[in-house]
Amino acid sequence: MKFAPAVIGVTCVLALLTWLLLNGLNFNSVRYDRQLQALGDFTRFERAMTREVLTARVGLSRNYDKLVQMTDAYDDALTRLRETPGLNAEETRAIDVLSARALRQEDLVERFKSRNALLQNSFAYFGLFSDKLAESDQRALVTAASALAAAMLRLTLDTSDVVARQVQGRLEELALVQTPPQDMDSVRALLMHGEMLHDLLPDIDTIVKTLVAEANNREQDAVLALITRRQLASRASARRVRLLQFMTSLLLLCGVVYFGLLLHRRAVTLRRRAAFEHVMAGISMRFIDSSRERITADVETALQQLAGCIGADRAYFVGATGTTTSTYRWSRDGIAFEPGWPDRALSLAPRFDGGEGGIVYIPKVKAAHPDDTMNLLEDAGVGGWLCVTAVRGHRDEILGFDTVPAGALAYWSEVSLFRMAFDAIGNAIRRVRLEGEKERLQASLQQARRMETLGTFASGIAHNFNNIVGAILGYAEIAEARIRSGGRPAGSLAEIRRAGERARELVEQILGFGRRGEGRRSVSASGP
């Protein structure tokens, strides 16, 4: 379950990147290119169709094969334009207008094809019969036929009403000429085809003019404007999406760099923690075999190693019980402790908030005002301070690290591990102190046992000696009762009795010594 947020986050990022990729590719550009290609083909084939009509009009084209091909291509371009996917309503209306014009154009082309075929056929017969009448013996007939041919030639170049009336006049003149029987059929045929040419030429020119006039780019321009507008909008949207892609890439890059820095910081922290734990393992192993004679050197070595972990210039461990203070210290070469420091650190540490772990960390000592407690640290030459404090029964202890330059104390997230170092050093010092106390108590116990033995021995001797002294005093008293007082023997007996009494006092003292030994023995036996 703890991986669910990460999985959801990665899925969202992948979905966003996929959406940005699909929108940034601008697939609609292919559709717009096809529309523009179809519209361009439509315009090109329309012009080619008009060109073929003009070519056929002047008689340079003998058939309509190319015109049919152009018409089919014209229809195909319009079909491709109409069947383009994704057309909106406005584009559909514009293409419908273009289709209506295309239908008119094709209708005009069909009308031109049918009339132009009649025209070419009539021209052929008109020329044939004109040539035939030009060989006639009747001068009036030849003159009328030649005048009609000249007028018809002008009509092919100019189909205005004036020229058309002139042709009509020549036709009427030819019809009034006296015609020999052998030329009668030729005259009737020439008049029939002349009448047909008289009607077809203006009609065909009207069709051609209408066809040319219809072949403008107004409808194509309207469709092109719509396609171009949507294409530009699509490109603008693609540019915005690409910009969003760029910004997203930057954010992802920043995220990767950020998490990389976090991982690097975590790796550095883990390396420092591993190094610290290695140092702590070495210190703990050293303290296992530490003795009272080596404890000072071992603590100073431990302080030096711990100070190296954070770049401290001075390190110390101070413990105080009542008025008794024990201090262990280490400092770099050339860096000394200020007078009274670090003993004053015990009373100074409680002024700072050490939190639940009793750890005070001040990377840069800087007083904010004259009454700031930081001034006491500055007076002690402390630029950065890390200390761990604890009260164990009636004993106050502190493990401290100082840097002389301000801000030189390295920061890392595992300063709480110094609580473990504090406990290791404190436990080692207390263990050595307890071992010393144990040795002292054992020596006292041995002394007490020796005194007990001596007291017992002295008591036995005193009892025996007391019996002897009692006998001496008893017999001295008996002798004094039997001799006369004042004589020399009486004086000797008095001296014997006084010596016996002094001996009895000595025996009492020896017995008193023996009783004191018994008293010590009873206290020692009940103490533990």
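Just so it is clear, the model here is predicted, and its values are computed rather than measured. Here, residue 1 is the first one in the sequence, and each next residue gets the next number.
In this structure, R265 places its CZ atom where only 12 or fewer heavy-atom neighbours from other residues, nucleotides or ligands lie under 6.0 Å away. Surrounding CZ of R47 are at most 12 heavy atoms belonging to other residues, nucleotides or ligands under 6.0 Å away. In the displayed structure, H264 atom NE2 is contacted under 6.0 Å by at most 12 heavy atoms of other residues, nucleotides or ligands. Within a 6.0 Å radius of CZ in R34, other residues, nucleotides and ligands contribute 12 heavy atoms or fewer.
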Exercise for review: Check step by step if side chain to side chain donor-acceptor pair (under 3.5 Å) holds for E46 and Q220.
Suggested key: CA-CA 11 Å; E46 185 180 56; Q220 289 98 314; 3.0 Å; yes
Review point. Would D96 and R82 count as a side-chain contact (heavy atoms from CB on, under 4.5 Å) if you check the C-alpha gap in whole Å, the side-chain angles of each, and the deciding distance to 0.1 Å?
Key: CA-CA 8 Å; D96 290 340; R82 181 185 293 278; 2.9 Å; yes
Practice item. Could you go through the side chain to side chain donor-acceptor pair (under 3.5 Å) check for D33 and Q37 one step at a time? Key: CA-CA 6 Å; D33 291 341; Q37 180 66 35; over 6 Å; no
Practice item. In sequence, state the C-alpha distance, the side-chain angles, and the governing distance for L243 and M247, and then conclude on side-chain contact (heavy atoms from CB on, under 4.5 Å). Key: CA-CA 6 Å; L243 179 61; M247 296 176 63; 4.3 Å; yes
**Study point:** Verdict with supporting geometry, I310 and F276, side-chain contact (heavy atoms from CB on, under 4.5 Å)
**Key:** CA-CA 10 Å; I310 56 175; F276 185 87; over 6 Å; no
Review point. Does the side-chain contact (heavy atoms from CB on, under 4.5 Å) test come out yes or no for I425 and F287, once each step is laid out?
Key: CA-CA 8 Å; I425 296 175; F287 282 151; 3.9 Å; yes
**Study point:** salt bridge (Lys or Arg N to Asp or Glu O under 4.0 Å) between R431 and E435, worked out
**Key:** CA-CA 6 Å; R431 179 181 59 80; E435 289 177 354; 2.9 Å; yes
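Looking only at distances, no side-chain donor or acceptor of D372 sits under 3.5 Å from a matching main-chain atom of N375. Formation of a donor-acceptor pair under 3.5 Å by the S290 side chain with backbone atoms of R286 is not found in this model. A distance-only check finds a donor-acceptor pair linking the side chain of R314 to the backbone of A336 [under 3.5 Å]. The main-chain N or O of I95 is found under 3.5 Å from a side-chain atom of S99 such that the two form a donor-acceptor pair. Not a single donor-acceptor pair under 3.5 Å links the side chain of S284 to the backbone N or O of A281. Between the R419 side chain and the T389 main chain, a donor and an acceptor come within less than 3.5 Å of each other. Put simply, the side chain of R332 gets close to the backbone of A312: a donor and an acceptor are under 3.5 Å apart.
Within the cation-pi definition used here (under 6.0 Å to the ring centroid, within 45° of the axis), R230 does not qualify as a partner of Y32. Within the cation-pi definition used here (under 6.0 Å to the ring centroid, within 45° of the axis), R329 qualifies as a partner of F337.
I461 places none of its side-chain heavy atoms less than 4.5 Å from the side chain of V507. The closest side-chain heavy-atom distance from Q446 to R450 is below 4.5 Å. Inter-residue side-chain proximity for Q35 and E91 is flagged as met; some heavy-atom pair is nearer than 4.5 Å. Under the 4.5 Å side-chain criterion, counting only non-hydrogen atoms from C-beta, V268 is in contact with R271. Residues Q305 and T301 have side chains in contact (heavy-atom distance under 4.5 Å, counting atoms from C-beta outward). The side-chain heavy atoms of W341 and L348, taken from C-beta on, include a pair separated by under 4.5 Å.
Between A421 and L306, the shortest heavy-atom distance links the atoms CB-CD1, 3.6 Å. When all heavy atoms are compared, the tightest approach of R344 to L376 is NH1-O, 4.4 Å. Contact record, L81 with L87: O-CD1, 3.9 Å, taken as the closest heavy-atom pair. In terms of heavy-atom proximity, M374 sits nearest to A367 at CB-CA, 3.7 Å. Annotation for R430 and D423: closest pair NH2-O, 4.5 Å, computed over non-hydrogen atoms. Of all the heavy atoms in A349 and W385, the pair that sits closest is CA-CH2, 3.9 Å.
Taking CG of L232 as the reference point, atom OG of S237 lies at 12.5 Å (rounded to 0.5 Å). The CG atom of L39 sits 10.0 Å away from atom CG of L78, with the distance rounded to the nearest 0.5 Å. Rounding to the nearest 0.5 Å places CD of E505 at 9.0 Å from CD of E508. Between the CG atom of L224 and the CD atom of Q231 there is a distance of 9.0 Å, given to the nearest 0.5 Å.
Partner L386 forms a side-chain contact (heavy atoms from CB on, under 4.5 Å) with one of L399, I359, T403, V360 and no other, that one being I359. For the side chain to side chain donor-acceptor pair (under 3.5 Å) criterion with T321, the lone passing option out of E397, R395, R433 is R395.
For Y316 and Y328, the ring centers sit 6.0 Å or farther from each other.
Applying the ring-ring contact (aromatic ring centres under 6.0 Å, His included) test to pairs two or more places apart or on separate chains, none has a residue in residues 228-257.
Salt bridge status for R273 with E277: present, with a side-chain N to carboxylate O gap under 4.0 Å.
For the 3.5 Å distance criterion, the side chains of D343 and T327 qualify, holding a donor opposite an acceptor.
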